[in-house]
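Data first, discussion second: the structure below is written as structure tokens.
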Amino acid sequence: MASRTCQGGVTTPESNIFEKYLNRGTVFQDKSVLTSSYVPPILKHRDSQINDIANILSPLLNGEGASNVLLWGNTGTGKTVTAKYLGNQLKTILECEREGILINYIYVNCQTADTHYGVLYGISTHLYSKEEVDTGIAPPPTGWSLDRVHQALKKRLGDSKRVTVIILDEMDMFITKSGDDALYSIMKLNESDSPHGGKDIQSPPRVSIIGIANDISFVDLLDSRVKSRFSNEKVHFTPYITDNLQDILSQRAKLAFREGAIDDSVINLCASTEARVGGDARKAIEILRISGEIADRIGEKSINTDIVKKAYNAIERDYVTESIRALPAQSKHILMSVALNAEAGIERQTTGDVYETYQQLCRKTGLSPLSQRRVTDLISEMDTQGLVNARVRSFGRGGRTKEIALALPNITNVKNVLECDEFLSSMNGFKVKHQTTLV
DNA sequence: CCTCCACCGGAACGGGGGGAAA
DNA sequence: TTTCCCCCCGTTCCGGTGGAGG
Ligand SMILES: Nc1ncnc2c1ncn2[C@@H]1O[C@H](COP(=O)(O)OP(=O)(O)O)[C@@H](O)[C@H]1O
């Protein structure tokens, strides 16, 4: 652990216990540059994507509606940052060059706002002032009917001087889970609501959607009307290669770290490591941040490759323990069952195997067991979280079922984390009984 | 080629919680 | 207060289904 003596220009030898943290030097100059909300002034290596999107959005400059676009590619390939960057550019140029035209540039993350209502509400938060929220003119976070929120949005956006761009980040998971109702209702904002030419002073809004997704297979789930209007324009974000990442990282590092706190060898290590697994700039930047934090904690003045390796381990470990800890009790029981089976020598298990053990475990801990139907859903959820690997497979006459295995290397570790749960702490001495035969 | 296993996964439903509105 | 609305979590029901063995 840390040394007991104060060091480095500290004048009071015995004082507050936090003193040593306070006075310690730091490798950081501006840590905020390494957070995900930071948008750099120039984006390198995304020229072709930026051009494509700008081209699609260009009608907005004349106050005309533009097509919807779908940005897709692996995580950390710059989709979000590009969308935000273009928003800034659009706003600036409209302010300087086109007096009459105003733009709403609205960002909604569909992982956070993951319901139909949540997405509409997320849009609305960009459109109302504080007073309007306080006086109840703006939609509340919950309580109104969807229709009412929809009408309110339509009214807000229907201004002939105004164009609107809505960014829907992480929309693939959302659509897969919740269907395309929300997307459809956003597109309906563009429709005039008086079909018989009644006297509406309002013009229909001009709303363009920028969708962001990792995986575009969700497009097939869309209703054909939605699909044709939504997925005509697709822009692919390719993974970064080592050189790209080096550029991006050193651009950040220059701003984030003190002179001499980081050198090229470290940046090259991060760049090449990430380039090998998916060209993820977010992860690479995060590694830099964690490395810096570790360096500060252990009192190093600069980041070396050893520290980077520590950062890689820390990031992995924290992710796993955190996601296990955050699991609901039922999922913890299921995961424990998988771990127990694995420990008993059944690495690849069927749904039946897991459910059997799960029921026994529930009997022991006093949790009331869920139906098998529900359990398979929870297993699939843990599969997408990367805690478990589950894919359906057919064993011919032996049936068709998920084949499930723990996705984590260290079984004992998993069990230890799980045993912190209040239910599972009462499972001392539980033994799996029953063998299945499965090849 | 057909059967039949052991599930898969969609659909419909509802209790219950949280909130606004009449 | 009651009524309406949205959403989470879970149940029940049930029509599929890939492929080894007949
Ligand atoms: N070309 C780039 N130049 C500078 N920073 C980038 C670039 N591409 C990505 N980043 C940074 O990498 C991180 C992840 O990018 P992000 O746009 O969130 O990826 P995605 O949305 O594709 O998952 C962000 O912090 C972003 O600022």
Side-chain angles (χ1 to χ4, degrees), chain A residues 108-125 128 132-153 155 171-186 188 215 217-218 220-223 326-335 337-338 341 346 348-359 361-362 366-385 388-405 421 423 434-439:
Chain A
V108 178
N109 188 318
C110 303
Q111 293 279 63
T112 326
D114 62 350
T115 64
H116 188 167
Y117 191 100
V119 170
L120 296 188
Y121 171 73
I123 294 169
S124 83
T125 56
Y128 290 88
E132 285 170 317
V133 172
D134 292 341
T135 54
I137 293 170
T142 168
W144 283 12
S145 71
L146 286 169
D147 198 52
R148 187 166 170 200
V149 182
H150 187 266
Q151 293 306 325
L153 286 182
K155 204 162 168 203
M171 71 179 300
D172 45 351
M173 292 291 294
F174 171 65
I175 298 282
T176 310
K177 194 171 85 54
S178 315
D180 59 3
D181 290 357
L183 190 56
Y184 184 58
S185 90
I186 293 173
K188 269 204 312 201
D215 184 359
S217 57
F218 80 94
D220 294 332
L221 303 175
L222 298 175
D223 183 286
L327 249 29
Q330 293 287 3
S331 300
K332 282 182 182 161
H333 276 63
I334 298 166
L335 187 59
S337 307
V338 178
N341 285 347
I346 317 171
R348 299 134 129 243
Q349 309 156 33
T350 66
T351 304
D353 293 337
V354 176
Y355 192 64
E356 178 65 24
T357 308
Y358 162 78
Q359 280 180 312
L361 184 59
C362 285
L367 190 75
S368 57
L370 300 173
S371 64
Q372 180 164 324
R373 177 71 186 82
R374 181 68 185 138
V375 167
T376 53
D377 278 350
L378 295 178
I379 290 173
S380 301
E381 243 166 60
M382 289 196 282
D383 176 57
T384 56
Q385 287 188 55
V388 125
N389 291 321
R391 29 163 286 205
V392 320
R393 218 187 116 180
S394 180
F395 297 91
R397 266 261 148 99
R400 190 168 165 275
T401 175
K402 280 197 184 73
E403 190 178 61
I404 301 150
D421 181 80
F423 271 97
H434 111 99
Q435 293 292 330
T436 40
T437 38
L438 214 176
V439 185

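By convention in this document, chain letters (A, B, ...) are assigned in the order of the sequence lines, proteins followed by strands, and residues within each chain are numbered from 1.
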- Query: With a 4.0 Å cut-off on heavy atoms, is A:T401 in touch with a base, just the backbone sugar-phosphate, or nothing at all?
  - Reply: sugar-phosphate
- Query: About how many Å separate NZ of A:K332 and CG of A:L361, when rounded to the nearest 0.5 Å?
  - Reply: 13.0 Å
Output a table of nitrogen or oxygen pairs between the protein and nucleotides 1-6 of chain C separated by less than 3.5 Å.
| residue | atom | partner | partner atom | Å |
| --- | --- | --- | --- | --- |
| C:dC6 | OP1 | A:L146 | N | 2.9 |

- Item | With A:D223 via side chain to side chain contact (heavy atoms under 4.5 Å, CB included) - residues at least two apart | A:D180, A:R225, A:V226
- Message: Could you work out, with side chain to side chain contact (heavy atoms under 4.5 Å, CB included) as the rule, every residue matching A:S145, not counting sequence neighbours?
- Response: A:D147, A:R148
- Over how many whole Å does the gap from A:K177 atom NZ to C:dC7 atom C1' extend? 9 Å
- Item | Side-chain donor/acceptor of A:S185 to backbone N/O of A:A182, under 3.5 Å | yes
- Message: Between A:F218 and A:F174, does the side chain to side chain contact (heavy atoms under 4.5 Å, CB included) criterion hold? Intermediate values first, please.
- Response: CA-CA 9 Å; A:F218 80 94; A:F174 171 65; over 6 Å; no
- Message: Both A:I404 and A:R397 contact DNA chain B. Taking the nearest nucleotide for each, which residue is further toward the 5' end?
- Response: A:R397
- Task: Using a 4.0 Å heavy-atom cut-off across all strands, classify A:T376 as base, sugar-phosphate, or nothing.
- Result: sugar-phosphate
- Task: Using the heavy-atom set of chain A and a strict 4.0 Å cut-off, write down the first and last nucleotide of DNA chain B that makes it in, 5' to 3'.
- Result: B:dT3 to B:dA21
- Task: Applying side-chain hydrogen bond (donor to acceptor under 3.5 Å, both in side chains) between A:Y358 and each of A:Q330, A:Q372, A:H333, report the one that passes.
- Result: A:Q330
- Message: From OH of A:Y355 over to P of C:dG10, roughly how many Å is that when rounded to an integer?
- Response: 12 Å
- Within-4.5 Å side-chain heavy-atom neighbours: A:M382 and A:L335: yes
- Look at the side chain of A:D377 and the backbone N and O of A:R374, then say whether any donor-acceptor pair between them is shorter than 3.5 Å. no
- Can you name the salt bridge (charged side-chain N to carboxylate O under 4.0 Å, His left out) partners of A:E381, sequence neighbours left out? none
- Test item: side-chain donor near acceptor, A:T351 and A:T376, under 3.5 Å: no
- Task: Report the distance from atom CD of A:E403 to atom C1' of C:dT17, rounded to the nearest whole Å.
- Result: 17 Å
- Is there side-chain contact between A:K177 and A:D114, with heavy atoms separated by less than 4.5 Å? yes
- By a strict heavy-atom criterion of less than 4.0 Å, which residues belonging to residues 366-374 of chain A are in contact with DNA chain B? A:Q372, A:R373
